[in-house]
Amino acid sequence: MSRRKKIYEGKAKILYEGPEPGTLIQYFKDDATAFNAQKHAIIEGKGVLNNRISEFIMGHLNSIGVPTHFIRRLNMREQLIREVEIIPLEVVVRNISAGSISKKLGIAEGEVLPRSIVEFYYKNDELGDPMVAEEHITAFNWATTQELDDIMALALRINDYLSGIFAAVGIRLVDFKLEFGRLFEGEMVRTVLADEISPDSCRLWDAKSNNKLDKDRFRQDMGGLSEAYTEVATRLGIFKDPNSALEA
Ligand code: TMP
């Protein structure tokens, strides 16, 4: 691993140079952080679970024509991805009130929103990822109007598709965060889904009990994080046998 050139290290993942130009290797760490890394822990096996869950979701999205950076999983902790220029936005889609929208707007957690709401945050750790409007995004050239249109359409399509996939296994997709990138193909630039989709970046509640099956277990010191992620993977059919969770 040390032979490879490290391109970037984030809080939960590392990007290494890929085997061919235009590719990278995305490595999933066991680090869990919250509140802009003020809270940190190592949760053994989390990276393996997120690698598998994100592979499953990105693979399905690719198959319905949502362009993503994902090419294929390489091993327990790594996947081959296309190199993209990350658009500096965190795009949050909400179906049910929870987290920051509940706090900011005083909407009780669990209330179904009148429609799906898409929010944008400027991806900047020093500033604590502030919420921004489309006006800021286009005025400061973080993304073009065309890219924002693409992002909105893709985010809503992803929401519809994933809501269905999770509903089918008794899970409510409360909200989630997406990141997008620019894929340069000759003269063409395409907006594609990047990063990961996993219980680190989604709120997932059991449909019957509303039990949390996501990173809120860590944010709220509830424990049982890897058990919850394993439950998500098992329900999605990624693991036939939950005991095999940590196999490649
Ligand atoms: P929020 O309610 O804290 O704004 O979070 C909305 C969704 O975005 C939730 O599913 C968790 C996810 N999220 C991230 O993936 N990364 C982050 O840094 C934050 C703040 C939220």
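For ligands, and for the atoms within them, numbers begin at 1 and follow the listed sequence.
Annotation: atom 4 (O) of ligand 1 to nearest protein heavy atom, S100 OG, 2.6 Å. For atom 5 (O) of ligand 1, the closest non-hydrogen atom on the protein side is R203 NH1, 3.5 Å. Looking from atom 18 (O) of ligand 1 to the surrounding protein, the closest heavy atom is E90 OE1, 3.7 Å.
D206 and S209 form a side-chain donor-acceptor contact under 3.5 Å, judged by distance and modelled atom types alone. Counting only N and O atoms by type, the side chains of N210 and R172 include a donor and acceptor under 3.5 Å apart.
Ligand 1 has no atom lying under 4.0 Å from any heavy atom of K103. Ligand 1 lies less than 4.0 angstrom from a heavy atom belonging to R219. At least one heavy atom of R94 sits under 4.0 Å from some atom of ligand 1.
Atom 20 (C) of ligand 1 is not flagged as protein-proximal [any protein heavy atom, distance under 4.0 Å].
The side chain to side chain contact (heavy atoms under 4.5 Å, CB included) with Y27 is formed by just one residue from the set E9, K6, R77; it is R77. For the side-chain hydrogen bond (donor to acceptor under 3.5 Å, both in side chains) with R94, the lone residue among S100, S116, S102 that qualifies is S100. Exactly one of Q79, E196, K13 qualifies for a side-chain hydrogen bond (donor to acceptor under 3.5 Å, both in side chains) with Q26. That residue is Q79.
One finds no salt bridge joining D150 and R190 here, because no Lys/Arg side-chain nitrogen approaches an Asp/Glu carboxylate oxygen to under 4.0 Å.
No donor-acceptor pair under 3.5 Å is formed between the side chain of E231 and the backbone N or O of A228.
Ligand-side atoms of ligand 1 in range of G99: 2 (O), range being under 4.0 angstrom from any heavy atom. Atoms of ligand 1 found under 4.0 Å from any heavy atom of F176 (numbered from 1 in listed order, with element): 10 (O). Residue-ligand proximity, V92 to ligand 1, at heavy-atom distances under 4.0 Å covers atoms 6 (C), 8 (O). Numbered from 1 in the order shown, with element, the atoms of ligand 1 that lie under 4.0 Å from a heavy atom of S201 read 10 (O), 12 (C), 15 (O).
Closest non-hydrogen pair, K212 versus R217, comes out as O-NH1, 2.8 Å.
The closest non-hydrogen atom to atom 7 (C) of ligand 1, taken over D175, L178, T33, comes from D175. Nearest to atom 16 (N) of ligand 1 by heavy-atom distance, out of K11, K104, K177, M131, is K177.
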(message) Could you go through Y161 and I64, starting from their C-alpha distance and side-chain angles, then the distance that decides it, and tell me whether this counts as side chain to side chain contact (heavy atoms under 4.5 Å, CB included)?
(response) CA-CA 9 Å; Y161 185 72; I64 62 157; 3.6 Å; yes

